[in-house]
Amino acid sequence: MSARVRIQTEDFDLSTEVAQLRAQDRRVGAVCSFVGTVRDRNDGQDVSTLELEHYPGMTEKSIEAMIDQAFERFDLYGARVIHRVGLLQPLDQIVFVAVTSAHRGESFKACEFLMDYLKTQAPFWKKEQTPEGARWVDARVSDDAALARWGIDAKNG
């Protein structure tokens with residue numbers, strides 16, 4: 001299993017993940033991280049649960065390729081992406097992205113770049129349970145626009 005990408009059902013601990021990412025690397029002057037959580041509302045509707053599915057192997061490979069792009073675009077020392085799958089409840093942690101670099105600017109940009117990719121291109125399928133029943137969740141137009149500012153067409157990857 002890659003130290004850079006993990007897809008898992010179990011929760012993760014932020015301090016442990018950040019500590020492992022920066023372990024003994026004296027070059028690191030900046031760590032930027034993002035944690036996404038499950039909301040109880042989406043598009044004006046109550047959400048009781050969120051279920052995520054993925055293609056094992058394909059999903060990790062896709063995220064690894066985007067991390068490789070982040071290393072080409074930004075001056076990074078390390079990166080880690082953890083994404084949970086399975087049945088999740090509101091308030092549950094769902095995604096963790098962290099990067100290390102010498103300076104904050106590169107870390108901020110790389111972290112945002114990776115999140116923009118994950119929201120639109122990573123092969124996950126999300127199904128919400130609402131009072132009206134189950135519904136599949138698509139990427140938002142605003143997510144596609146966020147990815148486009150990095151020069152990536154969300155429709156063509």
- prompt: How would you list, by chain and number, every residue that makes a side-chain hydrogen bond (donor to acceptor under 3.5 Å, both in side chains) with T100, sequence neighbours excluded?
  reply: none
- prompt: If you take all heavy atoms of A70 and L114, which pair is closest and at what distance?
  reply: CB-CD2, 4.1 Å
task: Please tell me if the side chains of V85 and T9 come closer than 4.5 Å, counting only heavy atoms from C-beta onward.
output: yes
message: Rounded at 0.5 Å granularity, tell me how far OG1 in T49 sits from CD in Q129.
response: 4.5 Å
query: Is E17 salt-bridged to R22, going by a charged N under 4.0 Å from an acidic O?
result: no
query: Between F74 and F113, is the gap from one ring center to the other below 6.0 Å?
result: yes
Euclidean distance, K126 NZ relative to N42 CG, rounded to 0.5 Å: 9.0 Å
- prompt: Below 4.5 Å, heavy atoms only, C-beta onward: do I94 and L88 meet side chain to side chain?
  reply: yes
Residues in side-chain hydrogen bond (donor to acceptor under 3.5 Å, both in side chains) contact with E60, at least two apart in sequence or another chain: none
message: Is the shortest side-chain heavy-atom distance between I82 and Q8 below 4.5 Å?
response: yes
field: Atom pair CG/CG of D11 and D92 - distance to nearest 0.5 Å
entry: 7.0 Å
- line: Heavy-atom closest pair (V5 atom, I63 atom, distance to 0.1 Å) is CG2-CG2, 3.6 Å
task: Enter the distance from I7:CD1 to L52:CG here, rounded to the nearest 0.5 Å.
output: 9.5 Å
query: Atom NE2 of H54 and atom NE2 of H83: how far apart are they, to the nearest 0.5 Å?
result: 10.5 Å
message: Would the distance check show the side chain of R80 and the main-chain N or O of A3 forming a donor-acceptor pair, the cut-off being under 3.5 Å?
response: yes
message: Taking F96 as the starting point, is it possible to reach V81 by hopping between hydrophobic residues whose side chains are less than 4.5 Å apart?
response: no
- prompt: Roughly how far, to the nearest 0.5 Å, is CD of Q93 from CG of D13?
  reply: 8.0 Å
- prompt: Would F34 and F124 show up in the same hydrophobic cluster when neighbours are defined by side-chain heavy atoms closer than 4.5 Å?
  reply: yes
task: Check L76 against E106 and note the closest heavy-atom contact, atom names and distance.
output: CD2-O, 4.0 Å
field: Expected output: side-chain T16 to main-chain F12 donor-acceptor under 3.5 Å
entry: no
Note: K109-D75 ion pair, threshold 4.0 Å (strictly below): no
- request: Report yes or no: do Y77 and F71 belong to one cluster of Ile/Leu/Val/Met/Phe/Trp/Tyr joined by side chain heavy-atom distances under 4.5 Å?
  value: no
- request: Please report the closest heavy-atom contact between F108 and C32, naming both atoms and the distance.
  value: CD2-SG, 3.4 Å
message: Taking the side chain as everything from C-beta on, heavy atoms only, tell me whether Q69 gets closer than 4.5 Å to R73.
response: yes
query: Can you name the nearest heavy-atom pair linking S33 to C111, along with the distance?
result: C-SG, 3.9 Å
task: Let me see the working for E132 and Q45 under side chain to side chain contact (heavy atoms under 4.5 Å, CB included), right down to the final yes or no.
output: CA-CA 9 Å; E132 288 76 34; Q45 287 191 311; 2.3 Å; yes
- prompt: Can you list the other members of the hydrophobic cluster that holds W136, where links are side-chain heavy atoms under 4.5 angstrom apart?
  reply: Y55, M58, W125
field: Any L118 side-chain heavy atom under 4.5 Å of V95 side chain
entry: yes
- request: Inspect the surroundings of CZ in R41 and state if more than 12 heavy atoms from other residues, nucleotides or ligands are less than 6.0 Å away.
  value: yes
- request: For residues H103 and A30, report the shortest heavy-atom separation together with the two atoms involved.
  value: C-CB, 3.4 Å
message: Walk me through whether R4 and D68 qualify under side chain to side chain contact (heavy atoms under 4.5 Å, CB included).
response: CA-CA 10 Å; R4 296 192 324 177; D68 288 343; 2.7 Å; yes
task: May I ask whether V35 and V31 are part of the same hydrophobic cluster, defined by side-chain heavy atoms of I, L, V, M, F, W, Y residues being less than 4.5 angstrom apart, directly or through others?
output: yes
